[in-house]
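Presented below is the structure to which this report refers.
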Amino acid sequence: MSSIQPDRPLSLSQQAVAARPAPYLDGLNPAQREAVEQLEGPVLMLAGAGTGKTKALTTRIAHLLWTQRARPNEILAVTFTNKAAREMKDRVARLMGEAVEGMPWLGTFHAICVKLLRRHAELVGLKSNFTILDTDDQLRLLKQLVAAANIDDKRWPARMLAGIIDQWKNRALTPDKVPAADAGAYDHKGVAIYREYQARLKTLNAVDFGDLLLHMVTIFQQHEDVLAQYQRWFRYILVDEYQDTNVAQYLWLRLLAQGHRNICCVGDDDQSIYGWRGAEVGNILRFEKDFPGAHVVRLEQNYRSTPHILGAAAGVIAANKGRLGKTLWTEAEEGEKVRLIGHWDGEEEARWIGDELEAMGGGTRGMRPVGLNECAILVRASHQMRAFEDRFLTIGLPYRVIGGPRFYERMEIRDAMAYFRVAVSPDDDLAFERIVNVPKRGLGEKALQKMQRAARANGVSLFEGARILVASGELTGKAKGQLAALLEGFGRWHGGALAEADHIELAEQILEESGYTDMWQNDKTPEAPGRLENLKELVKALESFENLQGFLEHVALIMDNESEEEGPKVSIMTLHAAKGLEFPAVFLPGWEDGLFPSQRSMDESGVKGLEEERRLAYVGITRAEELCTISFAGNRRIYGQWQSALPSRFIDELPGEHVEVLTPPGLYGGGYGAAAGAGLGGAGGSEIRSTLHEDAARADGYNSPGWKRLQARAQVRGMSQPKEARNMVIDAEAVSSHAVGERVFHQKFGYGAITGIEGDKLEIAFDKAGVKKVVAKFVVPAASAADDIPF
DNA sequence: GTACCGGTCCTTTTT
DNA sequence: GGACCGGTAC
């Protein structure tokens, strides 16, 4: 293959830079420096949380370039997320100055594999313009196959099959290689569907995410010449988050690194939290065996957290077996101990955290004022977020949820994209099927079946099948007319796409003429305005691309397009989403056995599962820079049912000397004692438990540190009391004076008009935020909003 | 073809 | 509690 192009030589300015002693090395500590300078042979960089791993990694790349060991396009640098890739690119560019041209092979596993696979698609029976299916397409396809094969879709739901197939792909198992035991476990139905699914993908000229890696591994294994080419080309390989690699990624890397063995893997076995989606901690634990003579560097100096936070984290993670082992240390000042507090229930926990957040803005307990932007709430499961959202909405505390459904996963975006896909390539059956009856065109299940039959009978795509169907007269009046109009529309749009007409205009035209925009404009549900907003965003996003094709290609892999409003906000996210981030103040709520560690995790994966949960706890604690607050609730409503729980076993593992117990005795009407006390009653083995016990037992425990803290905080909060008092006044006014039709102002939703009153709740049609129900006391008459409520 | 009702199942998530 | 799916009634 001549597809690899020779690179231009280093530019003059690069050569000049290379000749100088490397100034970037000065900013590194000895371990980082070692990791950067050990360029040849296998290197494992064990980088604990907050030890400057990205710095070491990017400096290493800079060093490769500066010492002219490799040109930018001879370095393969892989990450897991686009975000990480982007950050690395930025930082390398910054280190190198403007002299460096882009690094084409710095990217996610998937993005790099797409690039490679487009070059060699024919080796696995694909055309190089294959499409990439997302999870949704994948499910639809599987559903079709299950239906076609006459398999009971109750016993074999598409979701489950998708999961099974994904896991096989994660392990680099093509249908032929699935071990008999595995196949048997799923009654051989799983493999059968898998085989059909792969065949179907091939005829569709499509791949799913897992295929990107799987196909490349297959190609490398079956075509020595291709592999050899890349082994030579990629002179240095760097891998980020190595503890998260799955078997397929591991094989891919090992194949590429086999020749020169210049591979540097960075990771932290203690932060491996993606086992459930195929990551193999074993990969990192085995590194020295896989690459004999590997140089292992430990980055242990932490630049993020206080000693108390590191101590608490170390205490928890120490309970895991078979770790590679690291001891984080820091030069930071001692700081606050990790705080631990129990609550009666989840609501109270949310209320307490809300109060804390408000108080911290003014500086509490001798701590500097901490803004909302510097705070994060990290939960185990996303349903925990609701309690916080409810509470924060009530008190008007700005928050942002990180994670959630991503922009491109939203229904309206996916629909719009499907329209674009068909406009660009009319043979994209899955996309066509998605939108043929959106908006409703009277083309339901039956009409679709006719199209599919026509397509199959003539061996053409669904789009062509539809055309044949229209011509055949087999479709009745209304449906026929609608379908004909749709096909005609696509004919026009396809022409526009081919002619490279202004793609932004074309996109607007498609959404307009197809009736898609109208559909949402006529939609009365509260989400509709937001969806139209998103569609506008989508069209705006087109601006940075040359044409629709380019955009679609990009979006299939990337697009984390969070439009961010102004103002400081507390972040709420899952522990998983928090990996790699850091915040001055971190709240870790819901530390109850069953919730965290998750019961399901323990049931399904036993000790392995528990250890992964423990790593999650470790990740959580180590996100905190200055203040870390762990909390648990004795009672929680789960699936509408009240359940009581014991404090998490991880709480037992927190070393007493790094923890301050805030829970005061008797504050919760004995509730806490009743809930948590049950678990504490016995021979309270750990220090924390005995401290808790002591607090609970001491009836007059007003000299306990926790109680003093609480009082001190209450005093500080007292200073912000006027705000609340003021709200109360508004409250009194509100209840008496609100009337339907009145213009009001809400701190979060802005201006609106009251459309209904139900007790103390108002239904308000907000100008920007749509119709919402809001507690009356958090709304002021529009006229008095000028002296805004200080929160 | 669509609208509604009742049963079921609930982590974590990137590409 | 609620999202989602499938079945049935219009």
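Letters A, B, ... are given to chains in the order of the sequence lines, protein chains preceding strands, and every chain is numbered from 1. Please read all numbers here as calculations on a predicted model, not as lab measurements.
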**Message:** What does the B/S/- profile of nucleotides 2-10 of chain C look like, 5' to 3', with a 4.0 Å heavy-atom cutoff to protein?
**Reply:** S---S----
**Request:** Take nucleotides 7-12 of chain B nucleotide by nucleotide from the 5' end and write B, S or -, depending on whether a protein heavy atom sits under 4.0 Å from the base, only from the sugar-phosphate, or from neither.
**Result:** ---BBB
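Look at A:Arg531 and A:Asp415 and you find no salt bridge, because none of the NZ, NE, NH1 or NH2 atoms lies under 4.0 Å from a carboxylate O.
A donor and an acceptor atom, one from each side chain of A:Gln198 and A:Asp211, are located under 3.5 Å apart. A donor and an acceptor atom, one from each side chain of A:Tyr618 and A:Asn320, are nowhere located under 3.5 Å apart. Using a 3.5 Å distance cut-off with no hydrogens or angles, the side chains of A:Glu433 and A:Gln144 do pair a donor with an acceptor.
Comparing A:Leu575 and A:Gly444 along DNA chain B, the residue whose closest nucleotide (by nearest heavy atom) sits nearer the 5' end is A:Gly444. Both A:Lys446 and A:Gly210 sit near DNA chain B, but only A:Lys446 has its closest nucleotide nearer the 5' end.
For A:Phe80 and B:dT14, the CZ to C1' distance is 9 Å, given to the nearest whole Å. The separation between A:Arg637 atom CZ and C:dG1 atom P is 6 Å, rounded to whole Å. Rounded to an integer number of Å, the gap from A:Glu241 CD to B:dT15 P is 12 Å. Distance CG (A:Asp240) to P (B:dT15): 13 Å, rounded to an integer number of Å.
Dashed line: the shortest gap from a side-chain N or O of A:Asn82 to OP1 or OP2 of B:dT15 is under 4.0 Å.
Of the residues in residues 478-487 of chain A, none has a non-hydrogen atom less than 4.0 angstrom from any atom of DNA chain B.
Between the CZ atom in A:Arg623 and the CZ atom in A:Phe583 there is a gap of 9.5 Å [rounded to 0.5 Å].
Ring planes of A:Trp168 and A:Tyr194: parallel class, angle under 30° (limits at 30 and 60°). Between A:Trp520 and A:Tyr516, the ring planes are perpendicular. Angles over 60° get that label, and only those under 30° would be called parallel.
Dense packing is recorded around NZ of A:Lys115, with more than 12 heavy atoms of other residues, nucleotides or ligands lying under 6.0 Å away. Other residues, nucleotides and ligands place more than 12 heavy atoms under 6.0 Å from the CD atom of A:Gln452.
Judged by distance alone, with hydrogens and angles left aside, the side-chain atoms of A:Glu612 form no donor-acceptor pair with the main-chain N or O of A:Gly609 at under 3.5 Å. A:Gln243 places a side-chain N or O within 3.5 Å of a backbone atom of A:Asp268 that can act as its donor or acceptor partner.
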